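Being a predicted model, the structure only gives us computed values, none of them experimental.
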Amino acid sequence: MNDADVSKQIQQMVRFIRQEAEEKANEISVSAEEEFNIEKLQLVEAEKKKIRQEYERKEKQVEVRKKIEYSMQLNASRIKVLQAQDDVVNAMKEAAGKDLLNVSGDHHVYKELLKDLIVQSLLRLKEPSVLLRCRKDDLHLVESILDSAKQEYAEKVNVHAPEIIVDNRVYLPPAPSHHNAHGPYCSGGVVLASRDGKIVCENTLDARLDVVFRKKLPEIRKRLFGQVAA
């Protein structure tokens with residue numbers, strides 16, 4: 001092999017080495033670009049995730065706010081219904097209270113009513129001896145009808161007339177007035193109890209009024225809720 005062939009061969013080798021180096025350099029460049037793109041993609045995905053989480057958080061806040069607003073509206077509606085119910089009941093009680101005062105103010109009517117209340121209490125207690133309490137203002141009226149009340153009871157149940165001991169030391173509260181507007185009061189009636197105090201029959205006008213209203217409350221609620229629903 002002459003010098004010209006050797007020189008030519010060396011040049012070919014140099015070209016081959018340069019080409020290989022360039023290819024390696026290109027590979028390195030492509031690899032670096034791919035790594036850069038991957039990092040960029042990861043950053044984008046992380047930002048997307050952050051935005052998605054923030055959206056979900058705000059969406060939950062909106063849902064919670066909606067539930068709170070609905071609950072407040074519902075409570076406001078219930079309060080209106082209960083207030084309407086209280087207004088109706090209070091108005092009816094006030095009207096009935098005035099009627100009670102009128103009854104207890106009519107001497108003849110009230111005397112007959114007291115007798116009926118005493119007989120009814122005796123029928124409930126079914127005791128041979130009982131204690132009776134009344135308002136101080138009613139004491140003489142009660143004493144004047146005791147005998148007839150005992151006799152009526154005895155005839156109804158076919159027994160001997162019971163012993164009725166009127167308590168003249170402790171009385172029921174007085175009639176309602178501006179003097180005892182915030183204190184205990186009694187519109188009239190009596191309270192009877194067995195001698196041992198274990199059985200008590202409260203037969204006052206106020207107690208009877210409360211019983212009537214407790215029975216009417218479901219009807220009142222139904223009427224009020226029906227009006228709201230309509």
Side-chain angles (χ1 to χ4, degrees), residues 85-224:
Q85 173 185 310
D86 288 343
D87 291 344
V88 170
V89 171
N90 289 335
M92 292 174 70
K93 275 195 172 184
E94 185 177 352
K98 291 178 180 177
D99 291 339
L100 288 180
L101 286 176
N102 292 335
V103 168
S104 58
D106 188 320
H107 184 80
H108 178 71
V109 173
Y110 185 52
K111 183 176 179 180
E112 290 300 315
L113 178 60
L114 272 178
K115 179 182 173 183
D116 290 340
L117 292 175
I118 292 172
V119 173
Q120 188 182 63
S121 300
L122 291 172
L123 289 169
R124 288 181 183 175
L125 292 175
K126 295 183 176 65
E127 292 283 322
S129 180
V130 297
L131 299 172
L132 181 150
R133 280 184 183 174
C134 62
R135 298 185 306 185
K136 190 172 185 178
D137 292 342
D138 294 339
L139 182 60
H140 294 301
L141 195 59
V142 168
E143 289 176 340
S144 70
I145 59 174
L146 272 186
D147 289 339
S148 60
K150 291 191 291 184
Q151 188 60 36
E152 184 175 331
Y153 166 75
E155 290 174 358
K156 282 180 180 293
V157 293
N158 195 25
V159 296
H160 293 293
E163 177 189 20
I164 300 179
I165 302 172
V166 179
D167 191 341
N168 56 9
R169 294 171 298 117
V170 180
Y171 298 98
L172 299 180
S177 68
H178 64 278
H179 296 296
N180 65 340
H182 302 290
Y185 63 85
C186 177
S187 299
V190 292
V191 174
L192 272 71
S194 58
R195 291 292 296 271
D196 57 11
K198 291 182 178 179
I199 308 173
V200 178
C201 177
E202 183 179 353
N203 219 351
T204 63
L205 300 185
D206 306 285
R208 295 180 67 82
L209 179 64
D210 286 339
V211 170
V212 170
F213 273 100
R214 281 198 295 272
K215 289 180 179 178
K216 284 189 175 181
L217 276 179
E219 176 187 339
I220 295 171
R221 289 194 186 98
K222 185 178 180 181
R223 190 177 69 200
L224 287 170

N/O donor-acceptor pairs under 3.5 Å from side chains in residues 154-165, not counting sequence neighbours:
residue, atom, partner, partner atom, Å
E155, OE2, Q151, NE2, 3.4
E163, OE1, S129, OG, 2.9

Value rounded to 0.5 Å, distance of [atom1] in [X] from [atom2] in [Y]:
{"X": "C134", "Y": "L117", "atom1": "SG", "atom2": "CG", "result": "12.0 Å"}
{"X": "L113", "Y": "H108", "atom1": "CG", "atom2": "NE2", "result": "11.5 Å"}
{"X": "L205", "Y": "S187", "atom1": "CG", "atom2": "OG", "result": "6.0 Å"}
{"X": "E202", "Y": "L192", "atom1": "CD", "atom2": "CG", "result": "11.5 Å"}
{"X": "N203", "Y": "R124", "atom1": "CG", "atom2": "CZ", "result": "5.0 Å"}
{"X": "L132", "Y": "L139", "atom1": "CG", "atom2": "CG", "result": "9.5 Å"}

Nearest heavy-atom neighbours spanning [X] and [Y]:
{"X": "L125", "Y": "A193", "result": "CD1-N, 4.0 Å"}
{"X": "R135", "Y": "C186", "result": "NH1-O, 3.1 Å"}
{"X": "P184", "Y": "P174", "result": "O-CD, 4.5 Å"}

Name every donor-acceptor pair, under 3.5 Å, that has one atom in a side chain of residues 142-150 and the other anywhere in the protein, sequence neighbours excluded.
residue, atom, partner, partner atom, Å
S144, OG, L141, O, 2.6
S148, OG, I145, O, 2.9

Whether S121 side chain and C201 backbone form a donor-acceptor pair below 3.5 Å: no
Y153 vs I118 side-chain heavy atoms within contact, under 4.5 Å: no
Residues that D167 engages under side-chain contact (heavy atoms from CB on, under 4.5 Å), provided they are two or more places apart: R133, R169, V170
